Amino acid sequence: MSEQPLNPTPAEAPDDAGTAATGSTAADAGTAATGSTAADAVTDEAGATGSTADEAAALRAASFERARRLRMEPRFPGGPAADPAGSHHERRIRSFQPRRSRVTTGQQESLERLWPKWGLDIDGKRVLDLTELFDGLPVVLEIGFGMGEATAQMAADDPGTGILAVDVHTPGQGNLLGLADRAGSTNVRVANGDAIILLREMLAPESLDGLRVYFPDPWPKARHHKRRLIQPEFLDLVAPVLKPGAIVHCATDWEPYAEQMLEVLTAHPRFANTAADGGYAPRPAFRPLTRFEGQGLDKGHVVHDLLFARV
């Protein structure tokens with residue numbers, strides 16, 4: 001039996017020591033390799049996540065830009081602009097919400113054919129010459145005409161009065177143009193955009209013979225009352241562009257809004273109630289029943305007319 005050296009040299013080290021050393025080295029190498037691979041994987045994953053987030057942000061920005069361009073571009077070349085005033089107007093509470101509903105073939109044809117002749121965009125960049133625009137006729141402003149049936153009827157019944165009809169609803173604009181054309185009425189002009197900008201920046205002092213606001217959005221919720229059109233600030237804009245004696249004619253089937261209209265108009269120093277009792281007025285014969293009015297009457301609503309003269 002051979003004797004093992006007490007202090008073997010590396011060359012004389014037993015096989016199990018070599019195996020242990022080799023195993024330790026392999027484990028260390030494996031661990032290092034595994035750790036390196038894991039670290040690289042985490043780094044790659046973080047980079048991929050960052051790249052994905054950047055790509056998503058870029059896609060969102062591109063989508064917003066496409067939507068912005070669509071809002072800026074007219075739906076019909078040569079027709080009403082999607083946002084005629086653009087950045088010209090300031091941020092403020094508005095009484096309307098533009099609706100991009102489906103336009104019928106007939107409405108589209110009317111817009112394409114008649115808008116260049118009878119339509120205008122409210123861009124806030126010029127003062128309208130109403131005498132030229134309406135061939136010398138007295139002019140009343142109508143804010144919000146829906147689909148235009150009542151406006152077209154009033155224009156046909158009174159060809160001696162020009163109607164400057166304002167709305168942002170593209171199908172209604174096309175419908176009114178078509179109705180006026182078929183009736184042979186040449187005393188209607190359709191304005192596209194914000195009536196506040198029109199009143200404030202595009203109408204000369206004492207240029208209007210009347211104002212009509214029929215069945216505006218009542219904004220029934222209390223937190224939305226600030227969006228109602230008939231407010232003291234609105235009347236402050238209206239008064240200077242009306243001729244003395246011009247009539248402001250409002251109508252609504254929403255009782256609380258009627259009460260607010262009566263209160264606001266009565267309190268304004270530039271307007272006087274034409275009703276002898278200081279209340280509501282009977283519906284004038286020249287105002288036809290509107291579609292909204294019919295819907296309100298069917299629901300049992302009471303319609304109130306208010307007629308105030310500019311003093």
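The shown structure was predicted, so the numbers you read here are calculated from the model rather than taken from an experiment. By convention here, the first residue in the shown sequence is residue 1.
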Item to complete: Start with the C-alpha distance between F215 and V303, add both sets of side-chain angles, then the distance that settles side chain to side chain contact (heavy atoms under 4.5 Å, CB included), and finish with yes or no.
Response: CA-CA 9 Å; F215 303 95; V303 176; 3.8 Å; yes

Worksheet item: Are F286 and H249 close enough, and set up right, to give a side chain to side chain contact (heavy atoms under 4.5 Å, CB included), and what steps lead you there?
Response: CA-CA 11 Å; F286 68 81; H249 183 192; 3.7 Å; yes

Practice prompt. With side chain to side chain contact (heavy atoms under 4.5 Å, CB included) as the test, would you mind laying out the steps for D167 and I143 before giving the verdict?
Written response: CA-CA 7 Å; D167 210 306; I143 298 178; over 6 Å; no

Fill in: Derivation of the side chain to side chain contact (heavy atoms under 4.5 Å, CB included) call for I163 and T151
CA-CA 8 Å; I163 301 177; T151 305; 3.9 Å; yes

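In this structure, the side chain of D123 does not engage the main chain of P84 through any donor-acceptor pair within 3.5 Å. Panel note: side chain N273, backbone A275; a donor-acceptor pair is recorded below 3.5 Å. Not one N or O on the side chain of S207 forms a donor-acceptor pair closer than 3.5 Å with the backbone of L203.
The distance from the CG atom of L179 to the CZ atom of F145 is 10.5 Å, given to the nearest 0.5 Å. In this structure, CG on N175 lies 9.5 Å from CG on L111, to the nearest 0.5 angstrom. Atom OG of S185 is separated from atom CG of L177 by 11.5 Å, given to the nearest 0.5 angstrom. Atoms CG and CG, on L141 and D209 in that order, are 11.5 Å from each other to the nearest 0.5 Å. Distance CZ/R189 to NZ/K117: 8.5 Å, rounded to 0.5 Å. Between the CG atom in L137 and the OG1 atom in T186 there is a gap of 7.5 Å [rounded to 0.5 Å].
Taking each heavy atom of N187 and F134 in turn, the nearest pair found is O-CE2, 3.6 Å. For K226 against Q231, the heavy-atom pair with the smallest separation is O-NE2, 3.7 Å. What you find for G210 and A246 is that their closest heavy atoms are N-CB, 4.0 Å. Of all heavy-atom pairs spanning R102 and P171, the tightest one is O-CG, 3.5 Å. Nearest heavy-atom pair across A309 and T274 is N-CG2, 4.0 Å. The two residues H169 and G146 make their nearest non-hydrogen contact at ND1-O, 4.4 Å.
Comment: R60 does not engage E55 in a salt bridge, judged by the lack of any side-chain N to carboxylate O separation of less than 4.0 angstrom. For the pair R113 and D181, the salt-bridge criterion is met [side-chain N within less than 4.0 Å of a carboxylate O]. Using a 4.0 Å cut-off between a side-chain N of Lys or Arg and a carboxylate O of Asp or Glu, E293 and R287 qualify as a salt bridge.
Looking at W115 and P80, their side chains come closer than 4.5 Å, going by heavy atoms from C-beta outward. Contact check for L176 versus M147: no side-chain heavy atoms found under the 4.5 Å cut-off. Annotation: side chain of T105 is not in contact with side chain of E109 (no heavy-atom distance under 4.5 Å). With a 4.5 Å cut-off on side-chain heavy atoms, R310 and K243 do not count as touching. You'll find the side chain of L262 reaches within 4.5 Å of the side chain of L306, heavy atoms only. When side chains are defined from C-beta on, L114 does not count as touching P116, because their heavy atoms never get closer than 4.5 Å. For the pair M154 and E142, the minimum side-chain heavy-atom distance is below 4.5 Å. Using a 4.5 Å heavy-atom cutoff, the side chains of I196 and E201 are not in contact.
Cluster partners of L307 are I247, counting Ile, Leu, Val, Met, Phe, Trp and Tyr whose side-chain heavy atoms approach within less than 4.5 Å, directly or via other members.
V311 and L211 fall into different hydrophobic clusters, defined by Ile, Leu, Val, Met, Phe, Trp and Tyr side-chain heavy atoms under 4.5 Å apart, directly or through other members. Residues V302 and I230 do not share a hydrophobic cluster, clusters being chains of Ile/Leu/Val/Met/Phe/Trp/Tyr side chains in contact below 4.5 Å. L199 and L130 fall within a single hydrophobic cluster, where Ile, Leu, Val, Met, Phe, Trp and Tyr are joined by side-chain heavy atoms under 4.5 Å apart, directly or via other members.
N192 and Q173 are linked by a side-chain donor-acceptor pair at a separation below 3.5 angstrom, with hydrogens and angles left out of the test. Defined by atom type and a distance below 3.5 Å, a donor-acceptor pair is present between the side-chain atoms of Q108 and E112. A donor-acceptor contact closer than 3.5 angstrom is absent between the side chains of R227 and H224. No hydrogens or angles considered: nothing links the side chains of H225 and Y257 as a donor-acceptor pair under 3.5 Å.
Residues forming a side chain to side chain contact (heavy atoms under 4.5 Å, CB included) with E259 (at least two apart in sequence, or on another chain): E255, Y280.
The six-membered or imidazole ring of F234 lies away from that of H268, with a centre-to-centre distance of 6.0 Å or more.
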